[in-house]
Amino acid sequence: DMKKKLLIINTGGTMGMKPTERGFRPAQGFLETQMARMPELHDETMPEFVVKEYDPVLDSANFTPLDWQRMAGDIADHYQDFDAFLLLHGTDTMAYTASALPLMLEGVDKPVILTGSQLPLCLRRNDARENLITAMIIATEFPVPEVCVYFGSRLLRGCRTTKTSTSNFDAFDSPNEPPLGLVGTHIQVFARRIRQRPPADRTQKALAVRDIRPAKLATFRLFPGVTPDVLDNVLQTPLQGMVLESYGAGNGPSNDRAFLSTLRSAVERGVTIVNLSQCQHGGVSQNDYATGRALTDVGVISGGDMTVEAAITKMMFLFSQNLSVDQVKRQMAKNLVGELSEPLTTS
Ligand code: ASP
């Protein structure tokens, strides 16, 4: 028959959690018990689906890059047998997984959708039911051949997402990329916003998994009064890369010589320092102000309009590919999978 086949991978997260004395906790098999009670999932218009549950199911706060590797591997192992993939995932680190997977799933041309919920399926009030059902429908009825997050009322490009609310049902946003779809009484997916694969990888037939391994990375957020000795401590060996969360369009305290020389020495030691903005919207444009230009001068590179999640996972990915520091820096500035807007340079 013509039914689409969907693989649902339950990695854990609130959707399938149980209320306990210590708060919501993952429970093996619990989600499937709930799902079995939902006749709507077996409506004839719904796709054929298989649920593969991880053991143990985890709160996503416990995920590491090894879990991303496992997810990518499982998608690849089942790639030929299913039309689409749905990852049920906790919201806490969903944006990191959604940023890592597009880099790892080279040549992906089937929908890979991540969803989860703010309240578990077992509660009388929850957002889990709607997220689960709509994500199942989008994955199998809309041609979105990329890694996305469906959450609340929006379909978002995975590598552009960030969790913006601890409690709203619209918990995710992609501040520098318009939603790929909007959901209300109708499901709308905007075909023109779906990523066109570059001609080079359109010739690639099979999905290839590229590895990611943990790397020695840090994020460091500037604030007025930040002291260079603290920054210097973080930048010491074995640090490989740092995301520097600067002000506005990518500015820092350029009158502070110790601050600048701390950064310069780290760059000279081979640390990759990527400048991102503390602003939720927009990106770094390091040469707009002298205070940003000072960072360029000491060898800090611009992360453009990437999210912190995208920049961290991308650095980790690149450091896993046996590249030189220079190659890593060059790749950081390039749009690899839709995570970065190519610089809009005028004048
Ligand atoms: N702590 C939970 C998790 O990330 C939150 C959620 O799923 O919404 O697994």
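Atom CD1 in I138 sits 5.5 Å away from atom OH in Y150 (nearest 0.5 Å). Considering CG of N168 and OG1 of T166, their distance stands at 7.5 Å, rounded to 0.5 Å. Within the model, atoms CG of L101 and SG of C148 stand 11.5 Å from one another, a figure rounded to the nearest 0.5 Å. With rounding to the nearest 0.5 angstrom, the NZ atom of K314 is 9.5 Å from the NZ atom of K334. Interatomic distance, K52 NZ to E32 CD, rounded to the nearest 0.5 Å: 11.5 Å. Atoms CG and CD, on L6 and E48 in that order, are 10.0 Å from each other to the nearest 0.5 Å.
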### Query
Could you go step by step and tell me if M242 and I312 meet the side-chain contact (heavy atoms from CB on, under 4.5 Å) rule?
CA-CA 8 Å; M242 172 186 275; I312 284 284; over 6 Å; no
### Query
For E106 and R210, what are the C-alpha separation, side-chain angles and deciding distance, and is it a salt bridge (charged side-chain N to carboxylate O under 4.0 Å, His left out)?
CA-CA 7 Å; E106 194 176 63; R210 297 181 73 180; 3.0 Å; yes
### Task
With salt bridge (charged side-chain N to carboxylate O under 4.0 Å, His left out) as the test, would you mind laying out the steps for D173 and R154 before giving the verdict?
CA-CA 8 Å; D173 200 358; R154 286 179 289 201; 3.7 Å; yes
#### Entry: Y79 vs D74, side-chain hydrogen bond (donor to acceptor under 3.5 Å, both in side chains): CA-CA, chis, key distance, verdict
CA-CA 8 Å; Y79 203 64; D74 283 333; over 6 Å; no
### Task
Tell me, with the steps shown, if E339 and R160 meet salt bridge (charged side-chain N to carboxylate O under 4.0 Å, His left out).
CA-CA 6 Å; E339 78 287 0; R160 289 290 196 160; over 6 Å; no
### Task
Run the numbers on H89 and F63 for ring-ring contact (aromatic ring centres under 6.0 Å, His included), then give the verdict.
CA-CA 10 Å; H89 194 297; F63 281 160; 4.9 Å; yes
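Taking the side chain as every heavy atom from C-beta outward, I273 and F220 never approach each other to under 4.5 Å.
Annotation: ring pair (Phe, Tyr, Trp, His ring centres under 6.0 Å) contacts of H42 (sequence neighbours excluded): F49. For E245, the side chain to side chain donor-acceptor pair (under 3.5 Å) test picks out R221, with sequence neighbours left out. Remark: Q188 engages no residue in a side chain to side chain donor-acceptor pair (under 3.5 Å) (not counting sequence neighbours). By the side chain to side chain donor-acceptor pair (under 3.5 Å) test, S320 pairs with no residue at all, sequence neighbours left out. Evaluation of the side chain to side chain donor-acceptor pair (under 3.5 Å) rule for N62 yields no partner, not counting sequence neighbours.
Linking ILVMFWY side-chain heavy atoms closer than 4.5 Å, directly or via other members, places M306 and I212 in a single hydrophobic cluster.
When the shell of 6.0 Å around CZ of R269 is examined, it contains more than 12 heavy atoms from other residues, nucleotides or ligands. Within a 6.0 Å radius of CG in D229, other residues, nucleotides and ligands contribute more than 12 heavy atoms.
Although no hydrogens or angles enter the test, the distance criterion places no donor-acceptor pair under 3.5 Å between the side chain of N131 and the main chain of T134. Side-chain atoms of Q69 never come within 3.5 Å of backbone atoms of P65 as a donor-acceptor pair (strictly under, hydrogens ignored). Judged purely by atom type and a 3.5 angstrom limit, K5 has no side-chain atom pairing as donor or acceptor with the backbone of A84.
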Which donor-acceptor pairs under 3.5 Å do the side chains of residues 9-19 make with protein atoms, sequence neighbours left out?
| residue | atom | partner | partner atom | Å |
| --- | --- | --- | --- | --- |
| N10 | OD1 | G12 | N | 3.2 |
| N10 | ND2 | E53 | OE2 | 3.2 |
| T11 | OG1 | L88 | O | 2.6 |

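Listed here is the closest heavy atom pair of L222 and P253: CD1-CD, 4.0 Å. Closest heavy-atom contact between D83 and K3: OD2-O, 4.4 Å. Between T161 and T307, the shortest heavy-atom distance links the atoms O-CG2, 4.0 Å. Pairing each heavy atom of L207 with each of I75, the nearest pair is CD2-CG2, 4.3 Å.
Under the 6.0 Å distance and 45° angle rule, R213 does not count as a cation-pi partner of F319. Under a cutoff of 6.0 Å and an axis angle of 45°, R193 and F190 form a cation-pi pair.
N251 and S246 form no side-chain donor-acceptor contact under 3.5 Å, judged by distance and modelled atom types alone.
Between F151 and F169, the distance from one ring center to the other does not fall under 6.0 angstrom.
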